[in-house]
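Notes follow the structure.
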Amino acid sequence: MRLAEVIVNRPAKQLNKPFTYEVPDALGVVPVGTRVAIPLGRGKEEGIIVGYVPETVSLNFTVKPILSVLDKTPWFTSEMLATAKRLSHYYLCSYPDALRLFTIDKKELKSYERPKVAWLYPEPFLTVESIPARKKRQREAVAYLLSVGGASYDMLKEQGFSLPIIKQVSELSGVRREEKYRHTYTNYDAREIPDIPLTTAQAKAYAPIHDAIIHRRFSSFLLHGVTGSGKTQVYIKAAAACVAENRIAVILVPEIMLTDQMVTRFVEAFGDEVVVFHSKLTISERYNNWERLRRKDSHIIIGARSAVFAPTDDIGLIVVDEEHDGSYKQEDMVRYHARQIALWRAESNSCPVILGSATPSIDSYYKAKKGIYTLLELPERIHHQPLPTVLLVDMKEELLHGNYSVFSDAMTDLIQRTLEKKEQMIMLLNRRGYSTFVMCRECGEPVNCPHCDVSLVYHRANEALRCHYCEYHAPVPEVCPKCGSRKIKFFGSGTQRVEEELAKRFPRARIARLDQDVAAKKGRGEDVLHGFAAGEYDILLGTQMVAKGHDFEGVTAVGILTADSVLNIPLYTAAERTFDLLTQAAGRAGRGKSEGHVVIQTYNPLHYAIIKSKAHDYKGFYKEEIEAREALGYPPCGEMIHFRMQHEKKDKAMQIATAIVEELSKVFDNDVEVLGPYEEGVNRVRNLYRISVMIRGDTLSDVKKYIYHSWIFTQDGLAIDVDPM
DNA sequence: TTCACCGTGTCT
DNA sequence: GACACGGTGAAG
């Protein structure tokens, strides 16, 4: 009897161990990595075979047989299984949770077969006359089939044949039925992989990458290139070398929707070698894309975070573009960082990783300095355009001068000048909605969400107050819910308010707004960006998504309304994120022929993150920031794990958090610092109270090992965040 | 996660 | 005594 170790694919921490099942002889050879259907309890579940055990082991339970095999070829390679295991130990999630990251999201057990479409082909002896004349529609369908030589159900339906007619035709003796993989990806012209010219600086950076690709050697490169220095060209060159090796290139971008310039560049170069992966694809499109990669019909995958889990064991290159970007960190469920997974996968696949950024994460730059990564630099913009000039405006001074508007005089000037010159401007404001809070003038009571510990935001579109943490929304109250006063006032400006203000002050300006509210509507985000690129708007106003990696030729001006919004968040990465945001936003200006101008409004004009970004001085910023981190033991000069206990009763949450603190303090007395339990800024979301615990130490691998096998690991309502941001 | 089990409490 | 509810533990 063959006994297989099976991991049950279910998100329960208690199922975090292999279960033993019998593999019936009838199923033939079932390799490790294959997904199977198994009986569990009374039900049927999906499982993954991760190993075999010798028959000789004595078992103190009865084994059940595997019901059926769900993959023709194993979905998981041994590398994928190993990486998932590594992930589960590093990020403190269950093995099934880690494995699930490599699979395609599907809720039920029904169809594991990759989606196929039925095609009908006429056999040579099939004629229209062989169908009785009164079956008119069948005759027409056969005539159509003969004329095109074969058609899918969908094509027949498009021709106006009903499903019953198609079914009848498919059962005719002269018709052959064949299943084909669905073919929904865009078909680009296949073409020769072109010669990709590089500048001297690019060629210098590329040389060691090329060497690693062709020698199939793991190495990690940090490509530090100022905005507009042509990093993408280096990626394309590297991808070409990888394709020439007949290996898969994985290109990660922070948000696929907002980075389709990258996709366009790759498709221009590689045609249908490129497969794009993002969350809006249907399941059959996903299967289809993976199938193309596995069969090496395509060699390049471009995608966001989750594309790092590409199911292939022959990766020849991984690129992490804009590697500093926070969206590479998954912030719920399994809180992995795609950059870390990329490094692990590259290591097991013996291939290079390129981490590219104009503002590398402090973590990556630190590792480059220590020699863990190889540092490659592109210090100049490609056509030697100068970096934009940056003007800092101290908003305290503006207030003293009696300017209470959201636009400083300098900002107004910049807008005016840009409009006059018929050039384009990007304006950044990190707050969406209309006004950020609503308060009663009489009693000072802010209007809060009844389920969360936050104030409601007024949204103009539907005249509603909305909670940004849950789905709660309500009409604006006419009178104060507390004292009955009618003096309800709106405070704080969001993107909607500023849009209105801009329109009022500059009535001729064509303004586009881009924030979560716009981007959430399918296709709208892309429309806005395309419209702006095409020159249909003068000003693009939005939240941080307008600052990310776009290349708009016509933009000469960038305005940042509140440089401090991120700086004031109590996070150890606040300075880093501010520097990134400002530098990236400023980098959008002056990529074409004209010089760029940037105005930054701030209440902290002396903060080093702001001063250094004004000077485009990454290294200067790094130096100050790393000193601060070293002094306090923050990453990368130490490790952290954050615990968040959620419970509907506050004291219950506190009680469990306290138990965690006590346990970890007791066991790791001298090695780590345990902070908490404490409440975060927002201490209740969706009626659940949140209590946090943070631990910090030079290295936490022993702590992780301990937690993995302790009650903390399986504690209900506890979210563990390794390397929190 | 899902399901059965058990103890408790409430209603008839 | 019948049933509903919530907490607990096991699943091969």
Side-chain angles (χ1 to χ4, degrees), chain A residues 1-27 30-71 74-76 81 84-85 87-88 91-112 283 330 332-336 644-657 659-660 686-689 707-720:
Chain A
M1 187 163 73
R2 293 178 294 167
L3 295 177
E5 305 237 85
V6 176
I7 294 290
V8 182
N9 182 4
R10 261 216 196 148
K13 296 239 181 81
Q14 287 89 329
L15 291 172
N16 191 23
K17 57 175 181 180
F19 284 63
T20 308
Y21 285 89
E22 182 204 341
V23 184
D25 289 338
L27 294 180
V30 190
V32 166
T34 308
R35 292 177 300 171
V36 290
I38 44 162
L40 182 77
R42 262 139 301 280
K44 179 176 160 185
E45 285 302 333
E46 180 192 313
I48 299 137
I49 298 188
V50 295
Y52 278 88
V53 282
E55 208 185 321
T56 49
V57 295
S58 58
L59 304 169
N60 52 355
F61 47 76
T62 54
V63 289
K64 291 183 182 175
I66 287 170
L67 300 172
S68 62
V69 175
L70 303 169
D71 290 315
W75 182 264
F76 289 88
L81 294 175
K85 179 154 266 174
L87 195 159
S88 103
Y91 285 107
L92 296 173
C93 70
S94 72
Y95 193 23
D97 276 344
L99 287 169
R100 203 182 2 262
L101 294 169
F102 289 83
T103 64
I104 286 167
D105 187 330
K106 30 105 191 71
K107 298 281 182 292
E108 73 276 16
L109 249 179
K110 280 178 212 140
S111 107
Y112 290 98
I283 289 178
Q330 169 106 43
D332 54 65
M333 305 289 290
V334 182
R335 304 163 98 92
Y336 67 88
R644 182 162 70 206
M645 186 58 217
Q646 292 200 110
H647 202 278
E648 56 205 341
K649 295 201 184 72
K650 195 174 186 171
D651 46 345
K652 187 73 185 169
M654 184 55 88
Q655 182 204 320
I656 295 163
I660 294 169
R686 293 172 201 270
N687 287 324
L688 295 173
Y689 287 91
I707 292 171
Y708 201 87
H709 301 286
S710 81
W711 63 270
I712 299 171
F713 186 73
T714 47
Q715 173 62 49
D716 253 14
L718 181 70
I720 305 177

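Labels below follow one simple rule: chain letters A, B, ... track the order of the sequence lines, proteins then strands, and each chain is numbered from 1.
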In this structure, how many angstroms lie between the P atom of C:dA10 and the CG atom of A:Leu15, rounded? 12 Å
Does A:Lys13 make a cation-pi contact with A:Phe713, if we ask for NZ or CZ under 6.0 Å from the ring centre and within 45° of the axis? yes
Give A:Gly41 one of three labels, base, sugar-phosphate or nothing, depending on what nucleic acid heavy atoms sit under 4.0 Å from its own. sugar-phosphate
Compare the ring of A:Phe19 with the six-membered ring in the base of C:dG12 and state whether they stack (centres under 5.5 Å, planes under 30°). no
Atom CD1 of A:Ile38 and atom C1' of B:dT1 are separated, to the nearest Å, by 13 Å
Quick one: does any side-chain atom of A:Lys85 pair with a main-chain N or O of A:Tyr95 as donor and acceptor, under 3.5 Å? no
Atom CG of A:Asp716 to atom P of C:dT8: distance rounded to whole Å? 10 Å
Do A:Tyr91 and A:Tyr336 pass the ring-ring contact (aromatic ring centres under 6.0 Å, His included) test, and can you show the C-alpha distance, the side-chain angles, and the key distance before you say yes or no? CA-CA 6 Å; A:Tyr91 285 107; A:Tyr336 67 88; 7.0 Å; no
Separation of B:dT1 C1' from A:Leu40 CG (nearest whole Å): 9 Å
Across the strands shown, which category fits A:Thr62 at heavy-atom distances under 4.0 angstrom: base, sugar-phosphate, nothing? sugar-phosphate
For A:Arg42 and for A:Gln14, find the nucleotide of DNA chain B with the closest heavy atom, then tell me which residue's nucleotide is more 5'. A:Gln14
Nearest whole Å is fine: how far is C:dA11 C1' from A:Lys13 NZ? 18 Å
Would you check if the side chain of A:Lys64 reaches a backbone N or O of A:Gly41 as a donor-acceptor pair within less than 3.5 Å? yes
Distance check needed: C:dG9 C1' versus A:Asn16 CG, whole Å only. 17 Å
Which part of the nucleic acid, if any, lies within reach of A:Phe61 when heavy atoms closer than 4.0 Å are counted: base, sugar-phosphate only, or nothing? base
Provide, to the nearest angstrom, the distance between the CD1 atom belonging to A:Ile7 and the C1' atom belonging to C:dG12. 12 Å
Gap between atoms CG and C1', on A:Asn60 and C:dG12 respectively (whole Å): 10 Å
